[in-house]
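Every chain is numbered from 1 and lettered A, B, ... according to where its sequence line falls, protein lines coming before strand lines.
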Amino acid sequence: MRTKLLIAVSLTFVPVFAFANGTVTGKIKTSANHSSVSVVVTKDTAVCGESVISEKLIVNESGGLKNAVVMIEGVGVAKPGAVSINQEKCRFNPHVLVVAPGTEVAVNNMDETTHNFHTYAFENEPVNFSQPASLKTKKVTGENFEEPEVVEVKCDIHEWMNAWIVVSETSAVAVTGADGSFTINDIPPGSHKIRVWHEFLGEVVKEIIVKDGITTFDLTLGE
Amino acid sequence: MIILALLFITFGLFQPEFSYANEPVGKEIYDRLCLGCHGMTGKGDGPAASVLRPKPRNFRLARYKYTQTQYGKLPLDSDIYKAIAEGLHGTAMPGWSDTLNHGEIESLVDYIKSFSKKFAKAKAKGREPAPIPIGTPPLFSVKVIEKGRKLYNVYCKKCHGGTGRGSGSSAVSLTHDLGDRIWPRNLTEGWLYRGGNRSEDIFRTVATGISGTPMPSHVSFNPEDKSALTLKDAWNVTAFVDSIITREEPKTSEVLVVKFTNGVVPKDPTDPKWNIISPGYFPLAGQIIEGERWFKTTLKSVYARAFYNEKRIAILLEWDDPTDSPLEKTPENFPQNEPDAIAIQFPVKIPEGMEKPYFLGGSASRPVTVWKWSSESEAKILTGKGILRSEKTDGIISVNHVYHEGRHKALFSRSLGGDTQNGITFVRDRYIPVAFNGWDGNNGEKNEQRAVSVWYWLLLEEPTGGASVYYIPALAGFVMIFFELLIIIKTRNIG
């Protein structure tokens, strides 16, 4: 609570003394093999198909890593908004979702089969409910995403279905796109800690000096 | 001196065994009784934890499975109290109500809660745990059960299977929150329900799920969720579960009585002739003595029935297993795919005295005959001189096997007479040691990693159908009464 207050106070005063805020942009890459792995669908093939592409590691031809989370620590205070996640063709969409503490998450089932939505949370209160086709939308309260934590979400019925909900206190956070690129705006110039997390390749924390204007940050994970 | 002695005696008499005054009572009890499994700091990592399945609770996570609160919510004090007082059936957690008094258990609850900050945090936020409403239980009529069955098929079948034996298509890929493999409950075996098997307990589990496991909450407590299950729906599901549950564990049969038949012994495991015999119940347990110990067996028991005629003996084994291994497609997280198997074990020769072969596969001096069926190879007769020292013989055993919705049936049939290849010869009037071993392939069971039983007995019933047992004592009784009357009459006449 106290640190949040401190951040809020500093945010109020910093712009008065600082230059215009900068933008951090770049690419997260990996040297890991980029050939896609397919997972055999073991049940409900009528709805889910015979196989699905694994989302554990999605890399494009030039090594760009999708679904990495890039976060600049202690910058900005994320505010809860309304977000949603879909259970769609026996996948979660999106696969990585960043939310502010206290965000209510609407879970939609688009499939004609029963799923469940189970957060493997430890800092937060976990939730696990069944969601048959008839229960189109169910809201998970912000109480389940209050503490900063990377929470794995699973549908236990279809074991290949997982997603990640990243509860982030800072608003300076982005998820990389299909080519591994990301952009984070509104970073006060100066020295910061930048944290890059990926579900399979792990986490790396680096120092970054942010200038006003554009600062480039590229990183190769899993070397 | 006398006074001193008196004082000493008095002091000795009235000194309570433990003095809790001004001491953290809960901690003292915890360190004495709970630490061995749950660990010094409540992490569930005590010295005994490594051999326990399920693992002891990690109190630091403040995650409790059997609660009156919603999924993922903190438990009520009374939930922790109940687990301590009554224990958790089917686990290593015993009930402590005989050892500890009410106040002691209460202080233990407080101490256990102190391992996690979550209780204090929830209190500070005004979010103290509250029990879920339980609504009004309906009468479990045929109509209500039918409504429940329909909901069961949508909400429960994917894990618990069509017959409730835990053989749903998703049963093979489940883990709990800490990553260990977990199997759905076989709903027909009510004595293994850890959260209790009263209707109210079943209702609560349906409604809230089991925290930390894939068993989800099925009822929404948010009035906005119009299409989620209601309390009434959860009661209907409860009515269906009530219709398939057996609450009391069957009594272990010490003797498998083999029924005589004048005709042929049944060749089909589904032959209606089997219905005239009620099955014997023989519990199994993980093999934890020899080689690679096995704590995680999914096979809990074997049901056995048997017939014989002048030539052959037929033994029908039935056992519940969530998977018909090897599977056509295995899930990515559990790719092991061994065959399923079952074995019946006898001594090679019926022992003359009370001494039986070693129950785990026999020994060189007292070998065993093993009839083994496996889903991948032909049924065979083995001679065993140790759990991993068994050799196939040229003996012939025929096995007819079916698997349906979580239940295996294997019908073993062999000639009564044995020889060097076939092993044991079956004779009447002798108690013959018999034991059972089982393997669940998809659970990774193979070799010595199996479920085993102790020795039981097998007895060939007399061909008369055993009726003489009933009428001879009755006849003797009548003869006695006749003579007694004769004596009474004679005495009267004398008088």
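- In this structure, B:Lys157 has no side-chain hydrogen bond (donor to acceptor under 3.5 Å, both in side chains) partners at least two apart in sequence or on a different chain.
- The candidate from B:Arg63, B:Lys73, B:Glu328 with the greatest count of non-hydrogen atom pairs under 4.5 Å with chain A is B:Arg63.
- With a 4.5 Å cut-off on non-hydrogen atoms, A:Ala121 touches chain B through its backbone but not through its side chain.
- Of all the listed residues (B:Met215, B:Gln70, B:Lys158), the one sharing the greatest number of non-hydrogen pairs under 4.5 Å with chain A is B:Lys158.
- Of the N and O atoms on the side chains of A:Lys138 and B:Ser220, at least one donor lies less than 3.5 Å from an acceptor on the other residue.
- Using non-hydrogen atoms only and a strict 4.5 Å limit, the part of residues 170-177 of chain B facing chain A consists of B:Ser170, B:Ser173, B:Leu174, B:Thr175, B:His176, B:Asp177.
- Counting heavy-atom neighbours within 6.0 Å of A:Glu112 CD, excluding the residue itself, gives a total of 12 or less.
- Atom CG of A:Asp156 and atom OG1 of B:Thr213 lie 8.0 Å apart (nearest 0.5 Å).
- In this structure, A:Leu135 and B:Ala228 approach most closely via the heavy-atom pair CD1-N, 3.7 Å.
- Using a 4.5 Å cut-off between heavy atoms, A:Thr137 contacts chain B through its backbone alone, with no side-chain atom that close.
- To the nearest 0.5 Å, the span separating CD on A:Glu159 from OG1 on B:Thr330 amounts to 9.0 Å.
- Heavy atoms from other residues, nucleotides or ligands lying under 6.0 Å from NZ of B:Lys65 number more than 12.
- When the candidates A:Lys136, A:His118, A:Lys139 are compared by the number of heavy-atom contacts under 4.5 Å with chain B, A:His118 comes out ahead.
- With hydrogens and angles disregarded, a donor-acceptor distance shorter than 3.5 Å links the side chain of B:Lys329 to the backbone of A:Val41.
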Please walk me through it: do A:Glu143 and B:Arg127 pass side chain to side chain contact (heavy atoms under 4.5 Å, CB included)? CA-CA 10 Å; A:Glu143 286 182 25; B:Arg127 284 187 205 150; 3.5 Å; yes
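- Around CZ of A:Phe200, the count of heavy atoms belonging to other residues, nucleotides or ligands within 6.0 Å does not exceed 12.
- Put simply, of B:Gly212, B:Pro214, B:Gly209, the one with the most heavy-atom pairs under 4.5 Å next to chain A is B:Pro214.
- The two residues B:Val154 and A:Thr114 come nearest to each other via the heavy atoms O-OG1, 3.0 Å.
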In a table with atom names and distances, give each donor-acceptor pair under 3.5 Å that connects a side chain of residues 118-125 of chain B to protein atoms at least two apart or in another chain.
{"from": "B:Lys118", "atom 1": "NZ", "to": "A:Phe122", "atom 2": "O", "distance (Å)": "2.4"}
{"from": "B:Lys125", "atom 1": "NZ", "to": "A:Glu146", "atom 2": "OE1", "distance (Å)": "3.1"}

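- Of all residues spanning residues 123-131 of chain A, those with a heavy atom less than 4.5 Å away from chain B's heavy atoms are A:Glu123, A:Asn124, A:Glu125, A:Pro126, A:Val127, A:Asn128, A:Phe129, A:Ser130, arranged by number.
- Within the model, atoms CD1 of A:Ile157 and OG of B:Ser169 stand 8.5 Å from one another, a figure rounded to the nearest 0.5 Å.
- To the nearest 0.5 Å, atoms OH (B:Tyr155) and CG (A:Asn116) are separated by 12.5 Å.
- In this structure, B:Glu332 places its CD atom where only 12 or fewer heavy-atom neighbours from other residues, nucleotides or ligands lie under 6.0 Å away.
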